[in-house]
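The structure displayed is predicted, hence computed values, not measured ones.
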Amino acid sequence: MNNNFDVIVIGSGPGGYVCAIRSAQLGFKTACVESQKTLGGTCLNVGCIPSKSLLNSSEMYRKAKNEFNNLGIEAKNIKLNLSKMMNNKNKSILTLNRGVEFLFKKNKIIHLKGKGLISDKNIVTVISDSGKKVNYKAKNIVISTGSVPTSLSGIKIDEKTIVSSTGALSFDKIPKKLIVIGGGYIGLELSSVWRRLGSDVTVIEFLDHIIPGMDRDISNEFLKILNKQGINFKLDTKVTSVSLIKNKAIVDFTNNKSAIRERLECNKVLVAVGRKSNIGADISKLGIKLDNQEKIQVNKKFETSIKNIYAIGDVINKGPMLAHKAEDEGIAVAEIIAGQAGHVNYDVIPTVIYTSPEVATVGKTEKQLKKENIKYKVGKFPFIANSRAKINSEAEGFVKIIADQKTDKVLGVSIISTVAGTMIAELALALEFGASAEDIARTCHAHPTHNEAVKEAALAVDKRTIHF
Ligand code: NAI
C-alpha cells in the first residue's frame, strides 16, 4: 500500500467515519485510524446505539407487563431473559459495525487498525496491537478521538460494582438497588432501562434540578414523570464517598442546603457526571492548543493551532458532545479541506433524551433569551388534547414554542412526548429556515398525528389554539 494520503482521520466515531466518507466523496485519498476492534466509536459500540437498544427492549417489556392487558392483548407469564436482551443489543451493534465497514469499502477508505499518534505535522504513526509501528504521510489530519467518562475525585470506576455507562450497558443481572450519580442524559436514560427491568433506582444530582441547560418547566415536568415511574431522586445533593464492601457499594452523600448526611447501600453505582475529551500525549507534545477544560481549540474552519491539523466532535471546544453535531462537523471539515464553504449552525442542534416519554429541544431556552435581553412569547400545547397521543395512552408532556415577540420568528422549542426525538426534526428545519410561529401554524399537519401538537403550540403563541 502507498503510505501517502490526502486525509487521515483519527477515530472512527460518528464524526470520524462521516468525515472519512465525505473526504472520499470529494476525491481525497482517505484513511481512518481506529484503535478499537470495531468501527463506529463510543456512539455505536458503548453509547447511543446499545443504550437505545436497551431502552427499546426494556420499554417493550414494561408495556407487555403493564399495558397489553388494557389493549385486549392477554399474555401470561411474561418473563425477562436478560442475556437474550443483551445478545439482541450486541447483534444490533455488530450489524451496524458491518454497515460502517461496508461504507468504508464502498468509498475506498483505508481502515488503518491500531492506535494513531501524530508524530509530526504530516505524519501519523499507527501502532498495532502487536506493537508494530507504521508511519503514514498525510496532507491533512483530522482528530476525531471523542471523549471518555469522567468520575468524581476519590471514586474509582471498576466497571464491576462502580460503573460508567459502558458497564451499565452490560450488567449480567438486574441490580436490586442501583444508585446513579448525575441526573443528566446518561444517568436518566440508564435509570429508565434498569427501573423498567426491576431495579430500585435512586438518582443523586448535585443541582436542585435534573438536565441542567433545559428550561425549568421542562425539567420539572420531566422529573414528575420519572418520579411517577418509580425512580427516586435526591436533588441538591453531593456524593461525598463511595466505598466497596464485598460486592456491594456504600454511597455517602450530603444535602447541599440542609447539610444532612445520608448513606445508602446498593449493588451497583453508575457514575454519570459527564465526559471529558480524549486527548493523547501526542497532542500536547506537538503543542496543539487546548482550552482550560482540556478541549482542543479550533477556529471557524476547525483548524487547530497547527494549520493542516483539524479537529471535530467531542474533543473540541465547540458545541455539545453529541453524535449528530460531530457528524455535521465531519462533513463541514472535509468540505473546508476541499476549498468549499463547510459550515455548522451551532444555534440549531437538536438534543434528545431517549427515555419514555422522550425529551427533545432545539434552539434557545427562556433563560438564554432573558440573558440576551430578547423579548419573546410562548405557546404551549399539552398532549392530553392531542387525539393520537390520547388513543395511544401517551398523553403525558407538551410542546412549547418560544417565538420572538416582535417578529414571531421561532427561537426555541421543547417537547416532552413518546416521539419527541422524531418530532423535533420538523422544528430544527423550521429554525434553520427562519420560520415564524405563524408559518408553522399555517402548515397543514396530518391528522391524527402527534405533530398536530406542534401546529397547536404555534397557534398558542398567538393564543388561538383550536383543541385546548
Ligand atoms: P451530563 O452533563 O448530561 O450530566 C451530568 C450530570 O451530573 C449533571 O446533571 C450534573 O449536574 C451532575 N453532576 C455533576 N457532578 C456531580 C456530583 N458530584 N454529584 C452529583 N451530580 C453531579 O453528562 P452525562 O449524562 O454523563 O453525559 C455525558 C455526555 O454524553 C453529555 O455531554 C451528553 O450530551 C452525551 N450523551 C447524550 C445522549 C443523548 O443525546 N441522548 C445520551 C447519553 C450521553
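At least one donor-acceptor pair closer than 3.5 Å links the side chain of S199 to the backbone N or O of P175. Of the possible donor and acceptor atoms, one in the side chain of T145 sits under 3.5 Å from a partner among the backbone N and O of N278. Here the side chain of N97 pairs a donor or acceptor atom with the backbone of L39 at under 3.5 angstrom. Using a distance-only test at 3.5 Å, with no hydrogens or angles considered, a donor-acceptor pair links the side chain of R275 to the main chain of S147. At distances below 3.5 Å, not a single donor-acceptor pair connects side-chain atoms of E59 with backbone N or O atoms of N56. Judged purely by atom type and a 3.5 angstrom limit, S53 has no side-chain atom pairing as donor or acceptor with the backbone of I49. N386 places no side-chain N or O within 3.5 Å of a backbone atom of A395 that could act as its donor or acceptor partner. Side-chain atoms of E189 do not come within 3.5 Å of backbone N or O of I353 as any donor-acceptor pair. No donor-acceptor pair under 3.5 Å is formed between the side chain of D282 and the backbone N or O of S119. Side-chain N or O atoms of H324 include one that pairs as donor or acceptor with a backbone N or O of P350 at under 3.5 Å.
If you check the side chains of D215 and S414, you find no donor sitting under 3.5 Å from an acceptor. No side-chain donor-acceptor contact under 3.5 Å links E452 and H467. Using a 3.5 Å distance cut-off with no hydrogens or angles, the side chains of Q36 and N45 do not pair a donor with an acceptor. Using modelled atom types and a 3.5 Å distance limit, the side chains of N247 and T161 yield no donor-acceptor pair. For K89 and S170, the side-chain atoms include at least one donor-acceptor pair closer than 3.5 Å.
Ring planes of F381 and F468: perpendicular class, angle over 60° (limits at 30 and 60°).
Within 6.0 Å of atom CD in Q297, more than 12 heavy atoms from other residues, nucleotides or ligands are found, so the atom counts as buried in its surroundings. Heavy-atom contacts from other residues, nucleotides or ligands closer than 6.0 Å to NZ of K65 number 12 or fewer. In K295, the NZ atom is crowded: over 12 heavy atoms of neighbouring residues, nucleotides or ligands sit closer than 6.0 Å.
Looking at K318 and D291, no side-chain N of the basic residue comes within less than 4.0 Å of a carboxylate O on the acidic one, giving no salt bridge. Residues R388 and E394 are not paired through a salt bridge, judged by the lack of any N-O separation under 4.0 Å between the basic side chain and the carboxylate. In summary, K377 and D462 do not engage in a salt bridge, as defined by a charged side-chain N under 4.0 Å from a carboxylate O. By the 4.0 Å N-to-carboxylate-O rule, E372 lies close enough to K364 to be salt-bridged with it. By the 4.0 Å N-to-carboxylate-O rule, K224 lies close enough to E221 to be salt-bridged with it.
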Can you check side chain to side chain donor-acceptor pair (under 3.5 Å) on Q293 and N317, steps first, answer last?
CA-CA 8 Å; Q293 290 179 306; N317 64 339; over 6 Å; no
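Considering only heavy atoms from C-beta on, T407 stays 4.5 Å or farther from S436 through its side chain.
Between I466 atom CD1 and E456 atom CD the span is 6.0 Å, to the nearest 0.5 Å.
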